[in-house]
Peer 1: 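Mind having a look at this structure? Questions to follow.
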Amino acid sequence: MEEEKKSLNFLEQIIEEDLANGLPQEKLRFRFPPEPNGYLHIGHAASICLNFGLGLRYNAPVNLRFDDTNPAKEEQEYVDSIKHDVKWLGFEWDKELYSSDYFQQLFDWAVQLIKEGKAYVDNQSSEEMAKQKGTPTELGTNSPNRDRPIEENLALFLQMKNGEFEEGSHVLRAKIDMKHVNMHMRDPIMYRILKKHHHRTGNDWCIYPMYDWTHGESDYIEQISHSICTLEFKSHRDLYDWYVDQVYDTSNLRPKQREFARRNLSYTVMSKRKLLQLVEEGLVSGWDDPRMPTISGLRRRGYTPASIRNFSDTAGISKRDNVTDVALLEHCIKDDLNKTAPRVMAVLDPVKVIITNYPKGEEEFLDANYNDYAEGFGSRAVPFSREIYIEKEDFREEANKKFFRLKLGKEVRLKNAYIIKAESCVKDENGEVTEIHCTYDPNSLSGSGTEASKRKVKGTLHWVSVKHAINAEVRVYDRLFTDEAPDGHKDKDFKDFINPNSLTIIDAFVEPSLKNSKNLDRFQFQRLGYFCVDKDTTSTKLVFNRTVPLRDSWAKMDN
RNA sequence: UGACCUAUGGUGUAAUGGUAGCACUCCGGUUUUUGGUAUCGUCAGUCAAGGUUCGAGUCCUUGUAGGUCAACCA
């Protein structure tokens with residue numbers, strides 16, 4: 001059989017081209033370079049799947065490199081969560097590295113640049129420097145310190161390093177071109193003074209390298225062949241190349257930066273700043289709130305690593321701005337869970353059914369498959385008795401032919417149990433149905449093989465036995481925002497679109513087999529959706545998150 | 001009054017000058033002891049105008065639209 005040719009994305013095409021032009025395959029090396037200043041989200045997952053996917057595809061190593069050059073924002077907590085998330089997604093990095101590992105090397109190279117007359121110390125205020133920088137349409141002007149003698153620069157830079165200056169008083173700048181059409185080339189800052197404790201280097205340094213100076217050189221040190229980042233860094237590429245060229249030795253590989261469009265998802269926001277805002281203002285319970293688009297939020301919500309990987313592959317990558325429909329993500333998790341989740345029964349909005357011809361005090365345990373349509377899931381015993389709960393919406397006193405559920409005088413099948421017929425109902429003073437009285441057909445037990453058990457009845461309902469049901473808190477989620485692109489409105493704040501009903505907490509009844517479920521166990525609650533055990537679960541209280549509801553074509557018809 | 005990037009069904013992505021395809025969404029049929037799943041199908045697209053070419057989504061020109069760039073952030 002001929003293997004189907006899979007089309008390449010534009011980055012794979014670039015790599016193929018490089019290989020065709022003589023780059024040896026064993027020189028291929030990638031990296032995922034997060035700044036440890038927040039939690040990873042589904043957009044990062046795109047980058048992770050992309051870089052590690054390339055590693056797998058080309059049998060090339062992929063480094064996990066923490067871009068930790070700003071001690072003001074970075075914390076060990078974030079490092080730990082990032083490592084956990086990458087592992088959880090199912091990827092293995094070659095080396096765990098930190099930009100801060102290269103502080104000494106970067107410093108030495110900076111000294112070299114000063115000696116070559118390619119860098120200088122500027123002691124103007126940031127306002128003055130900003131003014132000289134110009135704008136995208138106006139050229140910049142030179143700093144009065146631009147031609148400071150090399151010896152003086154060297155001495156000042158050393159003083160900066162030794163902590164002899166205040167924060168903000170001096171910077172080291174690359175001497176490139178203040179009239180360059182690219183703003184990033186107008187004598188960019190290489191080092192600033194920051195008298196802050198660093199999560200790894202402690203107080204060893206009080207000058208810290210800027211992103212641009214750090215990133216290309218780190219790629220070069222690690223001999224990354226393809227340094228893949230998002231589109232907003234496109235204009236940094238000139239500078240990336242300039243910096244690398246200052247230290248590039250032709251016997252080594254010269255890394256190449258290429259950019260792709262970041263992944264956006266409909267009905268949510270993706271910037272770390274905005275996500276942080278949601279957390280800090282208490283609009284969600286934390287970074288791992290199941291409504292958050294973070295990896296930890298999705299995990300807690302019940303998403304599987306495979307579903308997220310599959311989403312990334314399916315969505316693909318390109319260079320155009322995009323807002324991917326969250327329906328695709330939901331499709332991916334439903335697709336995975338449909339194949340892997342055991343099916344059980346839970347009633348979220350209960351009404352009591354009394355089976356009047358079932359003997360009082362009697363109970364029986366019915367064998368129920370965890371999955372009727374696939375092998376290997378096994379089964380459990382589900383208790384049945386005279387009183388059960390069904391969903392309120394599964395009963396109507398009267399309804400037309402399209403209503404396949406329980407109505408007076410009609411029959412339905414109870415999943416894994418008997419066929420019952422509604423005879424009458426009891427209502428409270430508000431007209432709400434409080435009890436439904438039914439009779440059952442004792443010969444109709446599921447799987448018993450009797451004539452009666454094979455009767456075709458149109459509806460099948462899920463249920464739990466009143467006596468055996470266990471209580472569970474079920475958290476039902478809706479999208480966090482009511483707008484498709486909450487941060488896409490110039491005149492409105494993204495928080496104006498917060499959905500006030502994004503979380504509904506329900507006291508539900510679940511079948512007793514669920515009693516000992518553990519955190520992150522995933523189930524299909526039949527006819528309702530996929531649910532996942534939440535970490536708030538204790539030995540006395542079960543808590544479930546609804547990952548995603550099942551498709552409900554009846555709800556659409558009924559409206 | 002700049003430079004750079006991007007424009008393919010509602011959404012996301014292929015087509016590497018040669019039949020515009022795939023997935024999601026929507027809608028409909030079949031199957032079904034989940035109104036689920038599965039399966040079959042329908043609707044729907046190359047931003048515009050010129051040019052090159054036997055042939056253009058692809059190359060060129062000019063528009064138009066969107067995005068990015070002026071942190072001692074990354």
Side-chain angles (χ1 to χ4, degrees), chain A residues 6-10 13 33-35 37 67-70 72-74 122 125-126 129-131 133-140 167-173 180-184 186 189-194 207-208 210-212 214-215 229 231-238 259 261 263 266 272-273 314-332 334-335 338-339 343 345 372-374 402-405 412-417 419 446-447 453-462 484 524-529 549-558:
Chain A
K6 190 186 163 257
S7 61
L8 304 177
N9 65 47
F10 79 99
Q13 287 172 29
E35 182 187 13
N37 68 342
D67 218 336
D68 56 348
T69 58
N70 185 359
K73 288 186 176 175
E74 295 150 7
D122 204 341
S125 68
S126 58
M129 286 193 283
K131 212 185 296 169
K133 194 148 195 174
T135 70
T137 56
E138 286 169 77
L139 300 181
E167 273 189 25
S169 64
H170 294 68
V171 292
L172 182 72
R173 291 228 256 171
H180 201 287
V181 67
N182 183 343
M183 298 278 302
H184 293 102
R186 324 243 258 232
I189 293 172
M190 295 172 69
Y191 275 93
R192 78 287 210 189
I193 299 168
L194 245 31
I207 56 171
Y208 289 91
M210 300 287 287
Y211 164 83
D212 289 293
T214 307
H215 208 89
C229 60
L231 235 34
E232 66 269 26
F233 289 100
K234 175 63 169 63
S235 59
H236 293 240
R237 195 152 107 192
D238 287 340
E259 311 81 13
R263 175 123 339 257
S266 62
K272 271 187 197 170
R273 205 194 90 241
T314 309
I317 63 145
S318 69
K319 293 176 79 165
R320 46 172 177 156
D321 293 329
N322 60 81
V323 183
T324 301
D325 194 337
V326 70
L328 181 61
L329 217 211
E330 290 170 351
H331 164 78
C332 289
K334 280 188 273 192
D335 189 48
N338 176 47
K339 293 172 192 142
R343 279 120 230 247
M345 294 194 286
D372 286 336
Y373 312 95
K402 286 187 170 176
F403 186 77
F404 303 158
R405 308 177 181 192
V412 291
R413 154 82 57 192
L414 293 175
K415 179 73 185 172
N416 295 126
I419 294 171
S446 279
S453 73
K454 291 177 184 163
R455 276 165 51 211
K456 296 283 176 200
V457 280
K458 191 61 189 168
T460 301
L461 306 185
H462 62 276
E484 215 177 281
Q524 183 193 103
F525 288 178
Q526 257 166 142
R527 300 212 302 137
L528 298 175
L550 252 28
R551 192 221 295 251
D552 187 355
S553 38
W554 162 247
K556 285 173 188 166
M557 280 170 58
D558 197 32

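Below, chains carry the letters A, B, ... as their sequence lines are ordered, and counting in each starts from 1.
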Peer 1: Could you tell me the separation between the CD1 atom of A/I317 and the P atom of B/rU11, rounded to a whole number of Å?
Peer 2: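 In whole Å, B/rU11 P and A/I317 CD1 are 20 Å from each other.
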Peer 1: For the side chain of A/S7, starting at C-beta, report the closest nucleotide among B/rU34, B/rA14, B/rC24.
Peer 2: B/rA14
Peer 1: Does B/rC22 pair with anything, Watson-Crick or G-U wobble, both distances under 3.5 Å, and if so, with which nucleotide?
Peer 2: B/rG12
Peer 1: Who are the side-chain contact (heavy atoms from CB on, under 4.5 Å) partners of A/A327, not counting sequence neighbours?
Peer 2: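 Only A/D325 meet the side-chain contact (heavy atoms from CB on, under 4.5 Å) criterion with A/A327.
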Peer 1: C1' atom, B/rU58 versus B/rA20: distance in rounded Å?
Peer 2: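 It comes out at 11 Å once rounded to the nearest Å.
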Peer 1: Could you tell me the separation between the NE2 atom of A/H184 and the P atom of B/rC72, rounded to a whole number of Å?
Peer 2: 11 Å
Peer 1: Mind checking A/S318 for me? I need base, sugar-phosphate or nothing, with any heavy atom below 4.0 Å counting as a touch.
Peer 2: sugar-phosphate
Peer 1: If the plane angle is over 60° it's perpendicular, under 30° parallel, otherwise tilted; pick one for A/Y211 and A/F233.
Peer 2: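 Tilted.
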Peer 1: Only pairs with both distances under 3.5 Å count, Watson-Crick or wobble alike; so what is the partner of B/rC27 in this structure?
Peer 2: B/rG41
Peer 1: Just name whichever nucleotide pairs with B/rG2, Watson-Crick or G-U, keeping both distances under 3.5 Å, else none.
Peer 2: B/rC69
Peer 1: Quick test of the criterion, 5.5 Å between centres and less than 30° between planes. Is A/Y211 stacked on B/rA74 or not?
Peer 2: no
Peer 1: Is any side-chain N of the basic residue among A/D552 and A/K556 closer than 4.0 Å to the acidic one's carboxylate O?
Peer 2: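 Salt bridge between A/D552 and A/K556, a charged N being under 4.0 Å from a carboxylate O: no.
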Peer 1: How many Å lie between CZ on A/R263 and P on B/rG12, as a whole number?
Peer 2: 9 Å
Peer 1: Tell me whether A/K415 is salt-bridged to A/D372, with the criterion being a basic N under 4.0 Å from an acidic carboxylate O.
Peer 2: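 A salt bridge is present here (some side-chain N lies under 4.0 Å from a carboxylate O).
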Peer 1: In Å and rounded to the nearest 0.5 Å, what is the CE to CZ distance from A/M345 to A/F525?
Peer 2: 11.5 Å
Peer 1: Between the side-chain atoms of A/R527 and the base atoms of B/rU34, is any donor-acceptor pair under 3.5 Å?
Peer 2: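 No, the side chain and the base share no sub-3.5 Å donor-acceptor pair.
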Peer 1: Calculate, to the nearest 0.5 Å, the distance between atoms CD and CG belonging to A/E167 and A/L194 respectively.
Peer 2: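 A/E167 atom CD to A/L194 atom CG measures 5.0 Å (nearest 0.5 Å).
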Peer 1: How long is the line joining CE of A/M345 and C1' of B/rU33, in whole Å?
Peer 2: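 It is 12 Å, rounded to the nearest whole Å.
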Peer 1: Classify A/N182 by what it touches in the nucleic acid, base, sugar-phosphate, or nothing, heavy-atom distance under 4.0 Å.
Peer 2: nothing
Peer 1: Could you check whether the side chain of A/Q13 and the base of B/rU16 have a donor-acceptor pair of N or O atoms closer than 3.5 Å, going by distance alone?
Peer 2: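 Indeed there is one.
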Peer 1: Does A/S446 make a side-chain donor-acceptor contact with the base of B/rU33, cut-off 3.5 Å?
Peer 2: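 Result: at least one qualifying N/O pair found.
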Peer 1: Over all strands shown, is A/T69 touching base, sugar-phosphate only, or nothing at heavy-atom distances under 4.0 angstrom?
Peer 2: sugar-phosphate
Peer 1: Among the nucleotides B/rC72, B/rU16, B/rG36, which one has an atom lying closest to any side-chain atom of A/N338?
Peer 2: B/rG36
Peer 1: In Watson-Crick or G-U wobble terms, both distances under 3.5 Å, what is the partner of B/rA7?
Peer 2: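 The base-pairing partner of B/rA7, which may sit in any strand shown, is B/rU64.
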Peer 1: In whole Å, I'd like the distance from the CG atom of A/N37 to the P atom of B/rA71.
Peer 2: 19 Å
Peer 1: Looking at every strand, decide which applies to A/V323 at a 4.0 Å heavy-atom threshold: base, sugar-phosphate, or nothing.
Peer 2: sugar-phosphate
Peer 1: Watson-Crick or G-U wobble partner for B/rC59, using a 3.5 Å limit on both distances?
Peer 2: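 B/rC59 is paired, partner B/rG51.
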Peer 1: Report yes or no: is the ring centroid of A/F404 under 5.5 Å from the six-membered base ring centroid of B/rG35, with the two planes under 30 degrees?
Peer 2: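 Yes, the aromatic ring of A/F404 stacks with the base.
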Peer 1: Regarding A/M210, tell me which of base, sugar-phosphate or nothing describes its non-hydrogen contacts under 4.0 Å with the strands shown.
Peer 2: sugar-phosphate
Peer 1: Using whole Å, what does the distance between atom P of nucleotide B/rC24 and atom CG of A/L328 come to?
Peer 2: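 Roughly 8 Å, once rounded to whole Å.
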Peer 1: Which of these nucleotides, B/rA70, B/rG67, B/rC72, is closest to any side-chain atom of A/D321?
Peer 2: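 Side chain of A/D321 sits closest to B/rG67.
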Peer 1: Please check the phosphate of B/rU32 (OP1 and OP2 only) for any side-chain N or O of A/R413 closer than 4.0 Å.
Peer 2: no
Peer 1: Which whole-number value in Å describes the distance from A/E330 CD to B/rC26 P?
Peer 2: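 Computing the A/E330:CD to B/rC26:P distance gives 10 Å.
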Peer 1: Using a 4.0 Å heavy-atom cut-off, does A/G529 contact any base of the nucleic acid, only the sugar-phosphate backbone, or nothing at all?
Peer 2: nothing
Peer 1: With the threshold set at 4.0 Å, does a side-chain nitrogen-carboxylate oxygen contact exist between A/R237 and A/E259?
Peer 2: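 Looking at A/R237 and A/E259, the cut-off is met.
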Peer 1: Can you tell me the pairing partner of B/rU34 across any strand shown, Watson-Crick or G-U wobble, with both distances under 3.5 angstrom?
Peer 2: none
Peer 1: Would you kindly give the CZ-to-C1' distance between A/R551 and B/rU39, to the nearest whole Å?
Peer 2: 12 Å
Peer 1: Report yes if a donor N or O on one partner sits less than 3.5 Å from an acceptor N or O on the other, where the partners are the side chain of A/H180 and the base of B/rA3; otherwise report no.
Peer 2: no
